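Since we're looking at a predicted model, the values are computed, not measured. Start at 1 with the first residue, then count along the sequence. What you see below is based on every heavy atom in this structure, not just the backbone, and it leaves out hydrogens, waters and symmetry mates.
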Amino acid sequence: MSAPAETPARGTVWFVGAGPGDPELITVKGRGLIERAGAILFAGSLVSEAATRWAPPHCTIADSKDMTLEAMTDWLATQAARHEIVVRLQTGDPALYGTLIEMVRPLDAFGIPVAVVPGVSSAMASAAAAVESFTLPEVTQTTIFTRVEGRTPMPPGEDLATLAAHRCTLCIFLSITLMHRVEAGLREAGWPEEAPVLVVHKASWPGEEQILRGTLATIRQQCREARINSQAMVIASPTLGAREWPELARSKLYDPRFTHRFRKASA
Ligand code: SAH
């Protein structure tokens with residue numbers, strides 16, 4: 001890798017979460033950095049819209065889809081020697097299934113400052129699309145972000161069956177082409193065939209979002225029929241559909257019988 005040793009770094013490389021697809025779901029801070037960026041490296045078609053919509057006219061913009069990690073860090077280091085603000089735009093939030101650490105380490109080695117701006121993860125956008133909550137009082141208070149094993153191996157103890165044994169909310173990334181493994185994991189953990197499973201394709205993408213509601217027994221066939229085989233979030237959770245349950249445990253915070261720091265019980 002060609003470190004820009006003779007040209008000392010003057011800029012910061014900002015890893016900015018672009019959000020799940022809707023260009024309006026980037027943070028105000030992320031958008032502000034794009035508007036002032038000297039160079040932007042974006043991650044494929046997913047986030048190109050945000051990059052091109054708000055970048056200043058003379059900004060150098062590149063798509064990383066054909067680059068290796070070495071080529072990307074090289075590009076960022078070179079741009080950081082020229083510009084005060086260099087942006088690496090990533091889908092959703094940079095801390096989830098991105099190559100944040102792999103990209104930061106070589107920049108650290110070059111002495112180039114880095115900073116991260118969080119983004120709206122597709123997990124959150126998928127819940128929003130379906131008007132679902134990951135947590136409900138007395139149902140589950142825990143959410144696991146995971147995936148099933150594809151080409152990236154799962155570390156010991158993280159296979160879906162083990163995680164699903166918690167009966168909490170599972171947001172399963174990168175697994176829409178591996179629905180047979182998702183099903184097998186849930187079944188092995190004892191989830192019933194009628195357990196609700198939600199799939200959201202292109203959450204938040206204007207005009208392209210698709211929401212499939214099914215069960216452990218039906219969801220794979222539903223995905224096949226809808227031809228969903230990319231950019232989809234699978235959510236398995238005992239909270240799904242609670243909007244229509246006849247009975248629901250209430251949150252203590254807004255319960256009239258509950259006193260807390262800001263309000264006295266009234267009933
Ligand atoms: N950092 C990203 C995740 C990148 S991994 C985030 O926080 O969202 C890519 C996976 O994210 C996809 O396989 C899919 O499971 C999910 N994903 C990304 N964008 C999505 C969207 N708009 N709708 C549904 N799932 C999405």
C168 and Q141: CA distance, side-chain angles, deciding distance, side-chain contact (heavy atoms from CB on, under 4.5 Å) verdict: CA-CA 7 Å; C168 61; Q141 295 289 288; over 6 Å; no
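- Using a 4.5 Å cut-off between side-chain heavy atoms of Ile, Leu, Val, Met, Phe, Trp and Tyr, with links allowed through other members, V120 and L33 fall into different hydrophobic clusters.
- Once rounded to the nearest 0.5 Å, the distance linking CG of L198 with CD1 of I235 reads 5.0 Å.
- Put simply, the side chain of M103 reaches to within 4.5 Å of the side chain of L69, judged on heavy atoms.
- For the pair V117 and F15, the minimum side-chain heavy-atom distance is 4.5 Å or more.
- V234 has its side chain within reach of I176: a pair of non-hydrogen atoms, C-beta onward, lies under 4.5 Å apart.
- No donor-acceptor distance shorter than 3.5 angstrom exists from the side chain of T140 to the backbone of L136, with no hydrogens or angles considered.
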Stepwise side-chain contact (heavy atoms from CB on, under 4.5 Å) check, V182 with L160: CA-CA 7 Å; V182 172; L160 190 61; 4.1 Å; yes
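- Residues passing the salt bridge (Lys or Arg N to Asp or Glu O under 4.0 Å) test with E193 are R187, sequence neighbours excluded.
- Looking only at distances, a side-chain donor or acceptor of S126 sits under 3.5 Å from a matching main-chain atom of S122.
- A55 approaches I40 most closely through the heavy-atom pair CB-CD1, 3.8 Å.
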Criterion side-chain contact (heavy atoms from CB on, under 4.5 Å) on V86 and W14, from CA distance to verdict: CA-CA 6 Å; V86 176; W14 292 85; over 6 Å; no
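- Remark: C223 SG to H201 NE2 distance equals 10.5 Å, nearest 0.5 Å.
- Sorted by first and then second residue, the salt bridge (charged side-chain N to carboxylate O under 4.0 Å, His left out) pairs with a member in residues 217-240 read E183-R220; sequence neighbours excluded.
- Using a 4.5 Å cut-off between side-chain heavy atoms of Ile, Leu, Val, Met, Phe, Trp and Tyr, with links allowed through other members, L212 and V200 fall into different hydrophobic clusters.
- Contacts of T143 classified as side chain to side chain contact (heavy atoms under 4.5 Å, CB included), with partners at least two apart in sequence or in another chain: F134, T135, F145, T169, C171.
- With values rounded to the nearest 0.5 angstrom, Q231 atom CD is found 9.0 Å from T91 atom OG1.
- Note that the CG atom of D93 and the OG atom of S121 stand 6.5 Å from one another [nearest 0.5 Å].
- With contacts defined as side-chain heavy-atom distances shorter than 4.5 Å, the pair L89/L41 does not qualify.
- Of the inter-residue distances, the one linking R53 atom CZ with I34 atom CD1 reads 11.0 Å to the nearest 0.5 angstrom.
- Scanning for salt bridge (Lys or Arg N to Asp or Glu O under 4.0 Å) contacts around E209 gives an empty result, with sequence neighbours left out.
- For residues 23-42, the salt bridge (charged side-chain N to carboxylate O under 4.0 Å, His left out) pairs, not counting sequence neighbours, are R31-E35.
- No more than 12 heavy atoms of other residues, nucleotides or ligands lie within 6.0 Å of CD in E84, so this atom counts as exposed by the packing criterion.
- Under 3.5 Å, the side chains of T73 and R105 contain no donor-acceptor pair of N or O atoms.
- Taking every heavy atom of both residues into account, E149 and M154 meet most closely at OE1-N, 2.8 Å.
- In terms of heavy atoms, A37 sits closest to C59 at O-SG, 3.5 Å.
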Audit row: W205, D22, side-chain contact (heavy atoms from CB on, under 4.5 Å) steps and yes/no: CA-CA 5 Å; W205 283 55; D22 180 348; over 6 Å; no
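- Applying the salt bridge (Lys or Arg N to Asp or Glu O under 4.0 Å) rule to E102 yields no partners; only residues at least two apart in sequence or on another chain are considered.
- In this structure, P118 and T27 approach most closely via the heavy-atom pair O-CG2, 3.5 Å.
- Applying the side-chain hydrogen bond (donor to acceptor under 3.5 Å, both in side chains) rule to R213 yields the partners E132; only residues at least two apart in sequence or on another chain are considered.
- The shortest side-chain heavy-atom distance between H83 and T60 falls under the 4.5 Å cut-off.
- Every ring pair (Phe, Tyr, Trp, His ring centres under 6.0 Å) that Y97 has, sequence neighbours left out, goes to F173.
- Heavy atoms only, all atoms of each residue included: N229 and T177 are closest at O-CG2, 3.4 Å.
- One finds the OG atom of S175 at 10.0 Å from the NE2 atom of H180 (value rounded to the nearest 0.5 Å).
- A donor-acceptor pair under 3.5 Å links the side-chain atoms of R10 to the main chain of R82, judged by distance alone.
- With sequence neighbours excluded, no residue satisfies salt bridge (Lys or Arg N to Asp or Glu O under 4.0 Å) with E158.
- When the side chain to side chain contact (heavy atoms under 4.5 Å, CB included) test is applied to A184, no partner is found at least two apart in sequence or on another chain.
- Annotation for A226 and Q210: closest pair CB-NE2, 4.0 Å, computed over non-hydrogen atoms.
- Both I172 and V197 sit in one connected hydrophobic cluster of ILVMFWY residues. Membership requires side-chain heavy atoms under 4.5 Å apart, directly or through other members.
- Under the rule for a side chain to side chain contact (heavy atoms under 4.5 Å, CB included), the partners of L163 that lie at least two apart in sequence or sit in another chain are I144, T146, L170.
- Under the 4.5 Å side-chain heavy-atom criterion for grouping Ile, Leu, Val, Met, Phe, Trp and Tyr, L25 is not connected to F42 through any hydrophobic cluster.
- Looking at heavy atoms from C-beta onward, P196 lies out of side-chain contact with T215 at the 4.5 angstrom threshold.
- Transitive grouping of hydrophobic side chains (ILVMFWY, heavy atoms separated by less than 4.5 Å) brings V114 and L76 into a common cluster.
- In this structure the side chain of K202 never reaches within 4.5 angstrom of the side chain of P20, judged on heavy atoms.
- Remark: R243 pairs with V131 by the side chain to side chain contact (heavy atoms under 4.5 Å, CB included) rule, at least two apart or across chains.
- Taking the side chain as every heavy atom from C-beta outward, R167 and W191 approach each other to under 4.5 Å.
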